[in-house]
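These notes are about the structure you will find just below.
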2 protein chains.
Amino acid sequence: MASPGRIPEATVARLPLYLRGLDAFPVGVTATVSSDELADLAGVNAAKVRKDLSHLGTYGTRGVGYDATFLRFQISLALGVANVWPVVVCGMGNLGRALANHTGFTDRGFPVVAATDSDPDKIGTIVDGVPVHAPSQLGDIVRRFDVAIGVISTPAGAAQGTADALVAAGVTSIMSFAPTVLSAPDEVEIRSVDLATELQILGFHLHRSRIAGDS
Amino acid sequence: MASPGRIPEATVARLPLYLRGLDAFPVGVTATVSSDELADLAGVNAAKVRKDLSHLGTYGTRGVGYDATFLRFQISLALGVANVWPVVVCGMGNLGRALANHTGFTDRGFPVVAATDSDPDKIGTIVDGVPVHAPSQLGDIVRRFDVAIGVISTPAGAAQGTADALVAAGVTSIMSFAPTVLSAPDEVEIRSVDLATELQILGFHLHRSRIAGDS
DNA sequence: AGACTCTTGTGAACTAATGCACAAGGTGTC
DNA sequence: GACACCTTGTGCATTAGTTCACAAGAGTCT
Ligand SMILES: NC(=O)c1ccc[n+]([C@@H]2O[C@H](COP(=O)([O-])OP(=O)(O)OC[C@H]3O[C@@H](n4cnc5c(N)ncnc54)[C@H](O)[C@@H]3O)[C@@H](O)[C@H]2O)c1
Ligand SMILES: NC(=O)c1ccc[n+]([C@@H]2O[C@H](COP(=O)([O-])OP(=O)(O)OC[C@H]3O[C@@H](n4cnc5c(N)ncnc54)[C@H](O)[C@@H]3O)[C@@H](O)[C@H]2O)c1
């Protein structure tokens, strides 16, 4: 069938990869891309590419491939990339500063418009163009800049409180780097990025292969 | 049955969460924890906890729960947490510095022992206790410190070259933050952490709910 | 001892995701 | 127009993961 239905979560997670892969094709120039090529560019297999894209609609041409520009447009549409979602960074420490300083976010429609930090020395300063406010200002910030996404890069102990404050301010999308479980109402979407866990998964496989392999 | 079999990937990804949840229980004190409690602590449901733990062995007591200390020990064993896996950070920019400065990694057995950077101003300096070397030194570093994991926090354009260098040096585990697909031999495990993609997934759901909800 | 209360461990049903394989449909050539 | 050649779109089988639901133990109380 065609476009309307629900898009599987696994597909949603790959759409940004396809979009990124399509950057290899210059804008303006008409070019076609096959599911095979796109698979290479996105690091998945071709069958997955076709199945994923079929959830958006039938935008390819049999025997030919997909029009790169048109496909980019359609994926962008599905992802809602045209929108700009202002981001507030909570906790302007090592990680928060790196995030605020990162141009890649703004480029993709996620400008970091403000930050909060509990450190009095930081409050009132402007770091890499991002003004740092007191945590108590969060509600104001969200309202003023129409913040859509909150990033939590505070220490773990302050994460739940920060999440509560974000939710209270009306933010329904949170990306957290704090190594804790956050609780929030069901309608709030939380994506937890736990780098230590990622390393531990790598460690697990290393461990396994060392046991199996040799001494 | 019991311990020997292969542990499903989804389970492996959750074991670190359980381990983290068990930190709520003081060491030395004997305490029991039920699958329900552990589920709360790890942010999953109880059935999953039990099924996951059953892959490690039958370490619980019916009607009682799991001994917290013993369970922690068994999960640690499965994950190979006792090992120390030295890490090299490639690309000592905003993100690399944040990673190198992060104590949470060393605490969990992933000490950042060295870094590389192509910037002549950075080479030879010591940032947060981590010495910065030229990329050409990578092989030496890996050998000298017995590096097990390479972190790629270079610009996207330098990521594949860095990955190649890591692989050539014998590193088989890579965590990359660069927004690119990396190719490497099959035996190399690559975990790609793409923060922009995470934001785009949040953006997708925001987009969807705004369309469905109201104007 | 027997009844009652817990909570584990696990078959079994269900759901999601992946990958295969091929018909359908399009292009180009003679 | 017929034929050869591509590549999509998708039905289907397979595999992976989740969730249910309950019997099997283990403790407790009377
Ligand atoms: N740095 C890393 O590479 C890294 C890696 C993995 C996970 N993390 C996690 O990310 C989080 C931040 O790490 P970091 O290295 O930037 O730590 P950090 O200590 O450098 O920064 C934390 C910042 O949060 C501020 N803060 C404290 N309480 C606050 C509150 N209630 N509201 C707003 N700000 C508050 C502090 O003043 C500080 O500036 C931690 O939870 C850490 O575990 C960091
Ligand atoms: N900063 C963030 O919050 C953030 C977020 C998402 C993704 N990323 C990605 O992480 C990567 C690093 O981001 P960043 O903000 O730290 O960038 P950055 O520009 O601050 O740092 C990159 C560093 O890599 C060094 N470098 C360049 N080529 C190198 C090479 N061949 N070998 C070793 N070092 C080399 C540069 O000298 C620089 O110091 C980028 O790919 C970026 O897209 C960063």
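Protein chains get the first letters and strands the later ones, always in sequence-line order, with residue 1 at the start of each.
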Please tell me which of A:Lys51 and B:Lys51 maps to the more 5' nucleotide of DNA chain C, matching each residue to the nucleotide holding its nearest heavy atom.
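Of the two residues, B:Lys51 wins.
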Position toward the 5' end of DNA chain C (nearest nucleotide), A:Lys48 or B:Asp36
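Final value for this comparison: B:Asp36.
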Test: A:Asp67 and A:Arg72 ion pair at under 4.0 Å
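Salt bridge: no.
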Which pair of non-hydrogen atoms, one from B:Leu19 and one from B:Ser76, has the smallest distance, and what is that distance?
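Nearest pair, atom of B:Leu19 first, then B:Ser76: CD1-OG, 3.7 Å.
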Residue [X], side-chain heavy atoms: nucleotide from [options] that is nearest:
{"X": "B:Pro8", "options": "D:dG17, C:dC22, C:dT8", "answer": "D:dG17"}
{"X": "B:Val64", "options": "C:dT8, D:dG27, D:dT19", "answer": "D:dG27"}
{"X": "B:Tyr66", "options": "D:dT8, C:dT8, C:dA17", "answer": "C:dT8"}
{"X": "A:Ala47", "options": "D:dT19, D:dG9, C:dG19", "answer": "C:dG19"}
{"X": "A:Ser35", "options": "D:dG9, C:dT8, D:dT8", "answer": "D:dT8"}

Can you measure [X] atom [atom1] to [N] atom [atom2] for me and round it to whole angstrom units?
{"X": "B:Tyr59", "N": "D:dG25", "atom1": "OH", "atom2": "P", "result": "19 Å"}
{"X": "A:Leu38", "N": "D:dG9", "atom1": "CG", "atom2": "C1'", "result": "15 Å"}
{"X": "A:Arg62", "N": "C:dT27", "atom1": "CZ", "atom2": "P", "result": "12 Å"}
{"X": "A:Leu53", "N": "C:dG19", "atom1": "CG", "atom2": "P", "result": "15 Å"}

Would you indicate, yes or no, if D:dC22 has its OP1 or OP2 atom less than 4.0 angstrom from a side-chain nitrogen or oxygen of B:Arg50?
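False: B:Arg50 side-chain N/O out of range (4.0 Å or more) of D:dC22 OP1/OP2.
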D:dT19, OP1 or OP2 - any side-chain N/O from B:Asn45 closer than 4.0 Å?
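Yes, within the criterion.
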Given the side-chain rings of A:Phe204 and A:His207, with only the six-membered ring counted for Trp, is the space between their centroids under 6.0 Å?
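Not under 6.0 Å, so no.
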May I ask you to check whether A:Tyr59 and A:Tyr66 place their ring centres under 6.0 Å from each other?
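Ring-ring flag for A:Tyr66/A:Tyr59: false, centres at least 6.0 Å apart.
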Most 5' of B:Glu9 and A:Val33 on DNA chain D, judged by nearest nucleotide
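Nearest-nucleotide comparison on DNA chain D picks A:Val33.
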Is the closest side-chain heavy-atom distance between A:Val112 and A:Leu99 below 4.5 Å?
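Of all side-chain heavy-atom pairs linking A:Leu99 with A:Val112, none is under 4.5 Å.
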